[in-house]
Amino acid sequence: MQSPPLSPVPRDRLICQMPKCYTAESCLQYKTHFDAQVKSACQQRHAGNYGLKMSKVVMVGDLYVGKTSLINRFCKNVFDRDYKATIGVDFEIERFEILGMPFNLQIWDTAGQEKFKCIASAYYRGAQVIITAFDLGDIQTLEHTKHWLQDALKENEPDTCFVFLVGTKKDTLSEAECEQTEQDALKFAIEMKAEYWSVSAKTGENVKDFFFRVAALAFEQCMRKELEKNSHNTAQIGAGNLIQLEGNPSENKENDLQHSTNCC
Amino acid sequence: MDTEQEDMSPETALDKDPFQMTVEDVYDMSHVIGKDLMKISKEARGVTDLVADLQFKIVRVLEVLETLVNQSSLATEEMKMERDNLKGELERLVKESPQADQADLGPDKMVIDLTDPNRPRFTLQELREVLQERNKLKVQLLVAQDELQCYKSGVIPPTEDHIVTLENESIITSSPRGNDNSKDKSAIRRLFSPFRQDKQAQQ
């Protein structure tokens, strides 16, 4: 079943190499290349049979830290100085082509105002990426990121989400001030098991690099899962175990292990 | 009203309720009494001294009355002003701090000013529904924009091979049509339309 064509992904949304992290002190993975298995699967276009990949990203954080501005800078390349509170939630869909494969990010922008929390939190579910944003110029908003993360994690399966901690409004600080705040933020990031980034939606500094990193990591994870599932299916046929129970990943891992020991 | 009062004879001042009395009424009475005293002294020459004596006393009483009435109406005026000030103050406080009202009603109650055009009037559920509707329409818009892009670039958009859905209101999914794996179908709201997928476009 070959899929029909679709409109081409814009030239500035092509990713061929794993984008670098912001700082090695707090990053989700150090390697500078895509997973070799993923790469070869993409080259062989095997993945074409799996359907369009789409990852869900949820952006959380205090009001007025610039969540919407950050998304607007990346998705629309605009910056509006005036503050307009987000009502409940909003979203954007951003199309990429990674290692020659089409890939979509659905980026959910949530309201930071307390009164919308009960609405926004309904959209945390099924996130592959959680971005917790804070204002580099307001240390309190950094302290609140822990609560935001907790709330978002509560709605998701444990250890299924990539977490990013993003300091915004980098343009409003001197280099020295920024470095100092980053030291504090890195401690938070490590505790939160998050990858750290400093950005400015106003100047655009690091915005594209950041979202490319998000997209690449989310894509790689998607592909890895897909490949795992596939090898698992073949393994089952080999093991004569045709009935598969859904849902328990640890069990699946055990089956995989069993199979490999049987083989050898 | 004013012209009526001017036409009224000064004698009516004597019939007034003492608490409604003004200084003008006291002057009217003084006028009436003065006229009577003049009449008496004209009629009987012998009593002139007596009348003059009485006149002094009466003037004194009227002066006392004048002072009292004056003071009382001033006090009334002051109290009226004070009352209006307090009323204004109260209204201002009610408007500025709805908290104060809440304290009276208990922590979970809120007072809504029905004359405020910005008063809260929609429910959370209504907002939720509007947002869901907006999200659904935005997905449709994105799909349509992409399809348009297809036509513009001379690529024929795919027919119905993929559907884009808004699952559980918060997860957008794209899945092949006719897929037997229908575990989530009941929860899926089909949003129509193809989300084209592909690789040949780049070649």
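Since the model is a prediction, treat every value here as computed from it, not as a measurement. Hydrogens, waters and symmetry mates play no part in the numbers below; they use all other heavy atoms, side chains included.
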K.L.:
To the nearest 0.5 Å, how far apart are OH in A:Y123 and CD in B:Q132?
P.N.:
5.0 Å
K.L.:
CG of A:D12: more than 12 outside heavy atoms within 6.0 angstrom?
P.N.:
yes
K.L.:
Testing the basics here: between B:L131 and A:V89, what is the closest heavy-atom pair and its distance to 0.1 Å?
P.N.:
CD2-O, 3.7 Å
K.L.:
With a 4.5 angstrom heavy-atom cut-off, could you sort out which part of A:F116 is near chain B: side chain, backbone, both or neither?
P.N.:
side chain
K.L.:
With a sphere of 6.0 Å drawn around CD of B:E126, does it hold more than 12 non-hydrogen atoms of other residues, nucleotides or ligands?
P.N.:
yes
K.L.:
Does CD1 belonging to A:I119 count more than 12 external heavy atoms closer than 6.0 Å?
P.N.:
yes
K.L.:
Can you measure from NZ (A:K115) to CG (B:L127) and round to the nearest 0.5 angstrom?
P.N.:
9.5 Å
K.L.:
If you count the non-hydrogen atoms of other residues, nucleotides and ligands that lie under 6.0 Å from CD in A:Q37, is the total more than 12?
P.N.:
no
K.L.:
Evaluate whether atom CZ of B:R92 has more than 12 neighbouring non-hydrogen atoms of other residues, nucleotides or ligands under 6.0 angstrom away.
P.N.:
yes
K.L.:
Below 4.5 Å, heavy-atom pairs only: which of B:R128, B:K152, B:K138 has the largest tally toward chain A?
P.N.:
B:K138
